[in-house]
Amino acid sequence: MHEFLIMIHRDLTSKNPKPSPDQLKSAMKPYQEWIAGIGAEDQLVGTPKRWDLEGFVIQQGKKEVKISNGPFGTGNNSIGGLFLIKADTYDEAVKIAEECPIIQYGAVVEVRMAMPVA
């Protein structure tokens, strides 16, 4: 069994964030049920309860380290959900991730295998 990082990216920075506040509100119960279902199958490793929507991006600039307001994945996408699950294969992890109800509102779900520490 492997651990996989599930990251849900959504637009938090534009004037018309996706999902909209009303869409997000209507998606919360199905989202919570989806997470509970993963937990019921003993595949949920953990998830933070909440995190700040503000943050910083630290990266090397041309001459020095650059610190900017964020967090930004690409463009205006920010992390809207983050947790670890257990699955035997990438295919199984992707199958779990594709059931995320927030996808229908334009969110993008990313799956990455958590690599063991050598």
Side-chain angles (χ1 to χ4, degrees):
M1 182 99 23
H2 303 282
E3 290 184 357
F4 292 87
L5 177 64
I6 305 292
M7 290 181 286
I8 301 168
H9 300 275
R10 58 190 183 115
D11 185 345
L12 296 175
T13 59
S14 73
K15 291 181 182 178
N16 299 308
K18 297 177 184 176
S20 70
D22 287 340
Q23 291 170 328
L24 185 58
K25 185 176 177 180
S26 68
M28 283 310 293
K29 183 173 168 94
Y31 178 77
Q32 290 168 340
E33 291 171 350
W34 175 65
I35 295 289
I38 296 169
E41 295 293 322
D42 195 31
Q43 291 181 293
L44 183 63
V45 175
T47 181
K49 300 292 183 210
R50 294 185 68 178
W51 59 87
D52 195 355
L53 296 180
E54 294 183 31
F56 297 91
V57 176
I58 297 97
Q59 59 190 5
Q60 182 63 48
K62 290 183 180 180
K63 295 183 180 182
E64 58 191 30
V65 173
K66 179 179 162 186
I67 300 172
S68 57
N69 290 333
F72 304 111
T74 55
N76 290 336
N77 286 327
S78 295
I79 296 175
L82 178 70
F83 53 95
L84 287 172
I85 63 167
K86 295 185 286 188
D88 288 321
T89 64
Y90 255 115
D91 288 341
E92 183 180 357
V94 167
K95 188 173 183 176
I96 291 168
E98 71 184 353
E99 297 298 321
C100 177
I102 308 296
I103 292 171
Q104 66 182 317
Y105 299 112
V108 174
V109 179
E110 184 176 346
V111 178
R112 295 188 188 192
M113 184 182 292
M115 303 304 290
V117 178

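All of these numbers come straight from a predicted model, not from anything done at the bench. In this chain, residues are counted from 1 in sequence order.
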Distance-only donor-acceptor hits, side chain of residues 85-96, under 3.5 Å, sequence neighbours excluded:
| unit_1 | atom_1 | unit_2 | atom_2 | d |
| --- | --- | --- | --- | --- |
| Lys86 | NZ | Asp42 | O | 3.2 |
| Thr89 | OG1 | Asp91 | N | 3.4 |
| Thr89 | OG1 | Glu92 | N | 3.1 |
| Tyr90 | OH | Met113 | N | 3.0 |
| Glu92 | OE1 | Asp88 | N | 2.8 |
| Glu92 | OE2 | Gln43 | NE2 | 2.8 |

Among Ile6, Val45, Leu44, find the one that has a side chain to side chain contact (heavy atoms under 4.5 Å, CB included) with Leu84. Val45
To check you understand the geometry: which heavy-atom pair defines the closest contact between Ile103 and Ala97, and what is its length? CD1-O, 3.7 Å
In this structure, would Phe4 and Met1 fall into the same cluster of hydrophobic residues linked by side-chain contacts under 4.5 Å? no
Partners passing side-chain contact (heavy atoms from CB on, under 4.5 Å) against Pro101 (at least two apart in sequence or in another chain): Pro30, Tyr31, Trp34, Gln104
Determine whether more than 12 heavy atoms belonging to other residues, nucleotides or ligands lie under 6.0 Å from atom CD of Glu64. no
